[in-house]
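For reference, the structure discussed in these notes is given below.
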Amino acid sequence: MSNKIENTATRLKRELRAIADPAIRESMQRFSKEPIRSIGVRTPDVRRLATAAAKEYRQAKLPFDPILATARTLWRGGTIEERSLAIFILSKFNRQFQPEHWRVLDEWVETLTNWGETDGLSGYLLFPFLDKRPGFIRRLKPWTRSRNRWRRRAAAVALVPLARRGKHHQAAYDICDRLAEDRDDMVEKAVGWLLKETSRAEPQAVADYLLDNSQRLSRTTIRYAAEKLPARLRKRVLSA
């Protein structure tokens, strides 16, 4: 990386720690059942650092590879702020992702530790990658059989923005079928979320799916999935 670039991984980590607040770290833990590695930086402040770094990289016409290398170093730091910073920076360059970069995203999925990281990675990086390269959607199917609960959740959440835009609904149903009997609460909610977004475009089809699979899907999944259904359909689904 050029010596003119100030926002290296080391510099960014130092800036994060300079604005960390122990009180924020304690409050963040209350939003998760799992232990969170946090130094206590608010998300808007993480975004601000990412925006400044991305602006500098663009002005310096920095190639994508060193930007990705910086993000990978941040990710290995392991705190939720470092990982969020890595995600936010890369999200500003997601058009530069190439098929071979799927390997990096897949590696990151394997090291996810909480729902915040999972949903951030899924929404900001996996979604635009899959939107541009739908052939990779089939690679989500094996994730549904992973022992890693966050990989299974990511298989559903990565499709949520696509479903919201009326895209790849059959892929959404395929993933939901494979996760229908998963009783991890983070996965149940993700399946319900995916079906809820699908229902925006085809409420009757989602209602029929919920009714046909009511014995396989958890009550939590059905409740989440039915939130956006028209009142008549929602009542029918919830009373089944």
- Item | Row check, Phe129 ring normal vs Arg133 NZ/CZ: under 6.0 Å, within 45° |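 Here Arg133 passes the 6.0 Å and 45° test against Phe129.
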Below 4.0 angstrom, N of the basic side chain to O of the carboxylate: do [X] and [Y] qualify?
X	Y	value
Asp184	Lys189	no
Arg149	Asp185	yes
Arg25	Glu81	no
Arg37	Glu82	no
Glu15	Arg11	yes

Atom [atom1] of [X] with >12 non-hydrogen neighbours under 6.0 angstrom:
X	atom1	result
Arg183	CZ	yes
Trp115	CH2	no
Gln215	CD	no

Could you pull out the closest heavy-atom pair between [X] and [Y], with the gap in Å?
X	Y	answer
Val157	Ala190	CG2-CB, 3.8 Å
Arg216	Asp177	NH2-O, 2.8 Å
Gly78	Arg83	CA-NE, 3.8 Å
Leu140	Ala155	CD1-O, 3.7 Å
Leu126	Ala158	CB-CB, 4.0 Å
Val191	Thr221	CG1-CG2, 3.7 Å

- Message: Please list all pairs meeting side chain to side chain donor-acceptor pair (under 3.5 Å) that have one or both residues in residues 119-132, counting only residues at least two apart or in different chains.
- Response: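 Checked against side chain to side chain donor-acceptor pair (under 3.5 Å) - neighbours excluded - the pairs reaching residues 119-132 are Arg47-Tyr124, Asp119-Arg153, Asp131-Lys167.
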Has the side chain of [X] got a donor or acceptor atom that lies under 3.5 Å from a matching backbone atom of [Y]?
X	Y	value
Asn94	Pro128	no
Asn114	Glu117	yes
Arg178	Thr144	no
Arg236	Ala231	no
Arg42	Ala20	no

- When you look at Phe93 and Leu62, which way does the side chain to side chain contact (heavy atoms under 4.5 Å, CB included) test go after all the steps? CA-CA 11 Å; Phe93 299 93; Leu62 195 67; over 6 Å; no
- Item | Distance flag, aromatic centroids of Phe64 and His101, threshold under 6.0 Å |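 Yes, the ring of His101 comes within the 6.0 Å limit of the ring of Phe64, centre to centre.
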pair [X]-[Y]: side-chain heavy atoms closer than 4.5 Å:
X	Y	value
Arg164	Trp193	yes
Val206	Tyr173	yes
Thr8	Thr70	no
Leu210	Leu229	yes
Trp143	Arg152	no
Lys92	Arg58	yes
Lys13	Thr10	no
Tyr209	Leu217	yes

Let me confirm one number: the [atom1]-[atom2] distance from [X] to [Y], rounded to the nearest 0.5 Å.
X	Y	atom1	atom2	result
Leu112	Thr118	CG	OG1	4.0 Å
Arg17	Thr79	CZ	OG1	5.5 Å
Arg219	Ser214	CZ	OG	9.5 Å
Leu16	Asp45	CG	CG	9.5 Å
Leu194	Leu159	CG	CG	5.5 Å
Lys228	Lys196	NZ	NZ	6.0 Å

- Query: Given the rule in the side chain to side chain contact (heavy atoms under 4.5 Å, CB included) test, do Val41 and Ile24 qualify, once you have shown the distances and angles that lead to the verdict?
  - Reply: CA-CA 7 Å; Val41 181; Ile24 296 174; over 6 Å; no
If two hydrophobic side chains count as joined below 4.5 Å and joins carry through other members, does [X] share a cluster with [Y]?
X	Y	value
Phe136	Leu68	yes
Val46	Ile80	no
Ile222	Leu179	yes
Phe88	Met28	no
Tyr224	Val187	no

- Compute whether any side-chain donor of one residue and acceptor of the other, for Trp150 and Thr111, lie under 3.5 angstrom apart.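 Result is no, nothing qualifies.
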- Query: Going by distance alone, is a donor N or O of one side chain under 3.5 Å from an acceptor N or O of the other, for Thr198 and Glu202?
  - Reply: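 Absent: no donor and acceptor within the cut-off.
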- Query: Could you walk me through whether Ile39 and Asp21 pass the side chain to side chain contact (heavy atoms under 4.5 Å, CB included) check?
  - Reply: CA-CA 7 Å; Ile39 58 175; Asp21 184 340; over 6 Å; no
- Just do the side chain to side chain contact (heavy atoms under 4.5 Å, CB included) check on Arg72 and Trp108 with the steps written out, would you? CA-CA 9 Å; Arg72 295 182 78 174; Trp108 286 12; 4.0 Å; yes
